[in-house]
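Notes to accompany the following structure.
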Amino acid sequence: MAEHKKGLNSGLVEQDLENCCRKETTCGQCQKSDCIIGYGRQCINNYIKEPKRDVAQGMEHIPTMDFKVFDEVELETAIAHILKECKDCKEEHADDCIINVIRSCYEVGLLGDVQKYEGSALQYLMYLNDKFPEKSLRIAEIYRS
């Protein structure tokens with residue numbers, strides 16, 4: 001598929017992934033794509049090499065059984081940042097979109113599983129507010145700032 005409308009701030013995404021990473025001092029050996037952050041890194045690195053909107057079977061490969069404990073504030077910040085990158089494509093939304101895949105990785109770390117997303121950051125924030133009120137407050141604050 002084509003490059004993202006208006007592109008994607010891959011530098012910001014890389015920095016957020018770096019901030020969320022628990023590093024080998026905490027995790028021991030890096031789990032690479034078996035870790036939600038490692039998988040997100042792999043996706044963004046592939047995007048940087050060849051900017052395509054969709055990640056081939058991106059959602060299928062998210063390591064949803066990664067139960068490591070991540071820093072909540074870093075994940076909330078990363079979710080807010082990736083929401084700002086969302087193109088609000090609504091009915092044009094694709095699950096395997098790079099932005100959706102990376103946000104879903106963050107969700108596994110913060111919320112325990114992938115959440116539904118329908119191509120609208122505002123709808124998503126309202127959904128989070130309903131399901132995860134405390135966490136959604138911080139995400140919404142950062143998103144609006």
To the nearest 0.5 Å, tell me how far [X] [atom1] sits from [Y] [atom2].
X	Y	atom1	atom2	result
Ile99	His81	CD1	NE2	14.0 Å
Ser120	Lys87	OG	NZ	14.0 Å
Ile139	Leu111	CD1	CG	6.0 Å
Thr77	Tyr143	OG1	OH	15.0 Å
Glu107	Ile62	CD	CD1	8.0 Å
Thr64	Asp113	OG1	CG	6.0 Å

Less than 4.0 Å between a side-chain N and a carboxylate O, is that true for [Y] and [X]?
X	Y	result
Arg41	Glu14	no
Glu118	Lys90	no
Lys68	Asp66	yes
Glu92	Arg53	no

Side chains of [X] and [Y]: closer than 4.5 Å at any heavy-atom pair?
X	Y	result
Cys43	Tyr39	yes
Tyr106	Leu17	yes
Tyr117	His93	yes

Between [X] and [Y], is there shared hydrophobic-cluster membership here, with clusters defined by ILVMFWY side-chain heavy atoms closer than 4.5 Å?
X	Y	result
Leu12	Leu75	no
Val55	Ile48	yes
Ile142	Val13	no
Leu110	Val73	no

Which pair of heavy atoms, one from [X] and one from [Y], lies closest together, and at what distance?
X	Y	value
Gln42	Ser33	OE1-CB, 3.0 Å
Asp54	Ala94	OD1-CB, 3.9 Å
Gly109	Phe70	CA-CD1, 4.1 Å
Cys20	Ala78	SG-CB, 4.0 Å
Ile44	Ser10	CD1-CB, 3.9 Å

Would Phe67 and Val108 satisfy side chain to side chain contact (heavy atoms under 4.5 Å, CB included), going step by step from the backbone distance to the final call?
-> CA-CA 8 Å; Phe67 297 120; Val108 171; over 6 Å; no
So does [Y] get a backbone contact from the side chain of [X], meaning a donor-acceptor N/O pair under 3.5 Å?
X	Y	result
Asp96	Met59	yes
Asn100	Asp95	yes
Asn129	Ser136	no
Gln31	Gln29	yes

Are Gln115 and Tyr127 linked by a side-chain donor-acceptor pair shorter than 3.5 Å?
-> yes
With a 3.5 Å cut-off and no angle check, do the side chains of Asn46 and Glu50 form a donor-acceptor pair?
-> no
More than 12 heavy atoms of other residues, nucleotides or ligands under 6.0 Å from NZ of Lys84: is that the case?
-> yes
Given the rule in the salt bridge (charged side-chain N to carboxylate O under 4.0 Å, His left out) test, do Glu18 and Lys23 qualify, once you have shown the distances and angles that lead to the verdict?
-> CA-CA 9 Å; Glu18 179 62 28; Lys23 314 284 183 281; 3.1 Å; yes
May I have the step-by-step check of side chain to side chain contact (heavy atoms under 4.5 Å, CB included) for Asp88 and Tyr124, ending in yes or no?
-> CA-CA 10 Å; Asp88 277 327; Tyr124 176 76; over 6 Å; no
Where do Arg103 and Glu85 land on the salt bridge (charged side-chain N to carboxylate O under 4.0 Å, His left out) test, with the steps shown first?
-> CA-CA 10 Å; Arg103 194 203 62 261; Glu85 294 298 310; over 6 Å; no
